[in-house]
Asks: 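Let me begin by handing over the structure; questions about it come next.
Worth saying up front: this structure is predicted, and the values here are computed from it rather than measured.
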Amino acid sequence: MNSGANVTFSNLRAVVILIVVAFHSALPYLASQPPRPFAFDAPPYRWIAFPIIDRERWFGLDLFCAWQDVSLMSLMFLLAGLFTPYGLIRKGGTAYFAERWWRIGLPFVLAVALLSPVAYYASYLTTATDSSPAAFWQHWRALPMWPSGPQWFLWQLLLLSGLAAALHELVPSWPRAAGLIIAKCNDRPLLFFAGLTSLSALAYVPLAMIFTPWEWTFLGPLSFQLSRPLHYLLYFSAGVAIGGYGCDRSIFRTGGPLARRWPTWAAAAFACFAVWGGLTSLTMPDWNASPPAYRLAAAFAFPPACATGVIAFVASSLALLRRRSALADSLSTNAYGIYLTHYPFVLWLQYALLGTRLDAVAKAAFVLIVALALSWTASGFLAAGVRLLVHRHSGLPSKGAISDQPR
């Protein structure tokens, strides 16, 4: 990447982690949630997704979280894929995947083993008759899974990184073929959108119709949304293809047609999200009981809503996030550490605010600001600790702290 693209995507990374923390901060205050917390021991264990339920609600937060659910994770997979070719070319497939294990796999294990129980203890307390740590641990161990919270993204990213590394070793000529496809979209954003939407429909709609758009499955600490694994694979692959071809000469280049028409893409994202929201509302509250035509229409509305949302994020960033700032640089550098550590802060702050008289927006804003500050600070200490540990054991300066990943 050239320096302009580096700044843009670094700033976008800062925006993304800010939205991630905002998303989790808003979840207790959605108007669509039931009046009481979900029971800790009762299937389908919906407290995993909504750990804290507050009496204060605002429908605007429902719209914000729905918008992020449509496009944010797909954008994160695309951005992760975008930086993958650089690592593969520089290190080779085997060494690259080994580094991914240390930078993604091991932190996933540690975060799930240590931070997840600490975070979800706050959720347990909202319905517990015995609030002692020993009672919580007994209930936690009795669960049929080990909830990982937001860390589910990491194990899926590790898996996709392994697939990319294997492809790099087994089919070294594949970047040329992918580059030919990306080259055709250089000055044709609509072609890129059409291809992304069509492939996403093939990847998403059949699974959404079979499993519903919302259902998750668990295998110990490994969890995934049944309708989206192929969809996320597509977005990661699109990022890998663009990164391998070169952002500075692809559709994601600064000054290209995508950046020049960012208001159009923002309007398209709003319109497609509204269509998806309207059609999805027809399938509520019970997807399986709604008419098949409604379900099919809602499922087909997701791919264009997701694609326009992701493209609008990138286009707006290419046009508006071209200047470097110390604050954005720090937030971007610490994005991974914030992602790893923010969830316990978020949940315990939400639990602490349950009895207060603040309204929903004030509570969500307070949780966002304080949790972001605490996890930002924790990320700095974590990065410093990793650098010190690496330096002591290798005798060499550490160049890539944990906060620099994943990319």
Asks: Any side-chain heavy atom of P213 sitting closer than 4.5 Å to one from F302?
Replies: no

Asks: With a 4.5 Å limit on heavy-atom distance, are the side chains of F252 and L78 in contact?
Replies: yes

Asks: Indicate yes or no: at least one non-hydrogen side-chain atom of Y45 is less than 4.5 angstrom from one of M145.
Replies: yes

Asks: Please tell me if the side chains of Y343 and L115 come closer than 4.5 Å, counting only heavy atoms from C-beta onward.
Replies: no

Asks: Would you check if W47 and D41 make a side-chain contact, meaning some heavy-atom pair closer than 4.5 Å?
Replies: no

Asks: Only one of L125, T127, I52 clears side-chain contact (heavy atoms from CB on, under 4.5 Å) with P37; which?
Replies: T127

Asks: Between D187 and R253, is there a salt bridge with N-O shorter than 4.0 Å?
Replies: yes

Asks: With the side chain counted from C-beta on, respond yes when W67 and L72 share a heavy-atom pair under 4.5 Å apart, and no when they do not.
Replies: no

Asks: Validate the cation-pi geometry between R249 and Y245: distance from NZ or CZ to the six-membered ring centre under 6.0 Å, angle to the ring axis within 45°.
Replies: yes

Asks: Looking at K363 and E56, is there a salt bridge between them, counting it only when a charged N and a carboxylate O are closer than 4.0 Å?
Replies: no

Asks: Look at the rings of W137 and W146 and say which category their plane angle falls in: under 30° parallel, 30 to 60° tilted, over 60° perpendicular.
Replies: perpendicular

Asks: Is there a side-chain contact between M76 and Y339, using heavy atoms and a 4.5 Å cut-off?
Replies: yes

Asks: Assess the residue pair D69 and R228 against the criterion (salt bridge (Lys or Arg N to Asp or Glu O under 4.0 Å)); give the C-alpha distance rounded to whole Å, side-chain angles, the decisive distance to 0.1 Å, and a yes or no.
Replies: CA-CA 12 Å; D69 183 64; R228 297 192 187 181; 3.0 Å; yes

Asks: Are the side chains of P117 and F136 in contact, using a 4.5 Å heavy-atom criterion?
Replies: yes

Asks: Using the rule given for side chain to side chain contact (heavy atoms under 4.5 Å, CB included), can you reason through S148 versus W155, listing the C-alpha separation, both sets of side-chain angles and the distance that settles it, and then say yes or no?
Replies: CA-CA 10 Å; S148 61; W155 82 262; 5.5 Å; no

Asks: Do the ring planes of F77 and Y232 sit parallel (below 30°), tilted (30 to 60°) or perpendicular (above 60°)?
Replies: parallel

